[in-house]
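What follows is a set of notes on a single structure, which appears directly below.
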Amino acid sequence: VVVRSFASDDLDGVLTLCRAEGWSTLPADPTRAHRVLTAPGAVSISALDDGAVVGFATALSDGAIDAYLSLLVVAAAHRRRGIGRQLVAEVFRLSGAQRLNLLSEERAQGFYESLPHRRAPGYRLYP
Ligand SMILES: CC(C)(COP(=O)(O)OP(=O)(O)OC[C@H]1O[C@@H](n2cnc3c(N)ncnc32)[C@H](O)[C@@H]1OP(=O)(O)O)[C@@H](O)C(=O)NCCC(=O)NCCS
């Protein structure tokens, strides 16, 4: 598995991973999704197995202190092989951030708690 920066050719594969999780926001508008994943400050990483996108992470970073993980997914058939951990490591490396903040889904807690972390209550606000 190769872990590297997101490229435009990865978009379809990323949207397929989102659909498989029931996440509709990015797939709803692929042009917008591409804009979001390549926005200034966005750090987007793909994991490829034989050319197919099997994992993806995107975070927003200030470049030095904080990054915010927006999305992390590994294809069901590729889980528990260290790909999620590699994606997080690459987000840290490419973002330059000291800490990665995120809202976790309950089912991902085992993964996040396997990494060095501190827990804090989280909120997601809406306009
Ligand atoms: C969460 C997710 C990205 C983890 O990806 P992954 O490639 O399977 O994770 P890794 O193989 O790097 O796991 C690293 C460690 O995390 C822990 N871990 C991973 N998945 C776990 C699980 N389901 N339950 C308990 N611990 C888990 C283990 O300690 C694992 O190490 P080990 O396999 O040597 O025991 C993946 O399960 C996923 O895409 N889930 C669905 C989408 C999702 O919930 N995304 C996060 C939304 S906030």
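Remark: side-chain polar atoms of N101 are paired, donor with acceptor, to backbone N or O of A67 under 3.5 angstrom. Counting only distance, with no hydrogens or angles, the side chain of S95 and the backbone of A97 share a donor-acceptor pair below 3.5 Å. One N or O on the side chain of S44 and one on the backbone of L37 form a donor-acceptor pair closer than 3.5 Å.
If you run side-chain contact (heavy atoms from CB on, under 4.5 Å) between I83 and each of V74, D49, V73, only V74 comes through.
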side-chain contact (heavy atoms from CB on, under 4.5 Å) evaluation trace for L87 with F56: CA-CA 7 Å; L87 286 166; F56 181 72; 5.6 Å; no
Show your reasoning for whether side-chain contact (heavy atoms from CB on, under 4.5 Å) applies to V91 and V88. CA-CA 5 Å; V91 167; V88 168; 5.6 Å; no
Please step through side-chain contact (heavy atoms from CB on, under 4.5 Å) for the pair W23 and L17, ending with a clear verdict. CA-CA 9 Å; W23 298 337; L17 291 179; over 6 Å; no
Go through the steps for R107 and E21 under the test side-chain contact (heavy atoms from CB on, under 4.5 Å), then give the verdict. CA-CA 12 Å; R107 59 188 169 142; E21 298 308 316; 2.7 Å; yes
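When all heavy atoms of L11 and P30 are compared, the pair lying nearest together is CD2-O, 3.5 Å. Taking all atoms of both residues into account, the shortest heavy-atom contact from L72 to G84 is CD1-O, 4.5 Å.
Of the charged side-chain nitrogens involved, none lies within less than 4.0 Å of a carboxylate oxygen, so that E90 and R85 do not count as a salt-bridged pair.
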Only distances under 3.5 Å count here; give the side-chain donor-acceptor pairs of residues 120-127 to other protein atoms, sequence neighbours excluded, each with its distance to 0.1 Å.
none

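No more than 12 heavy-atom neighbours from other residues, nucleotides or ligands sit within 6.0 angstrom of CZ on R119.
Within the structure, the side chain to side chain donor-acceptor pair (under 3.5 Å) test picks out the following pairs touching residues 27-41 (sequence neighbours left out): S8-H34.
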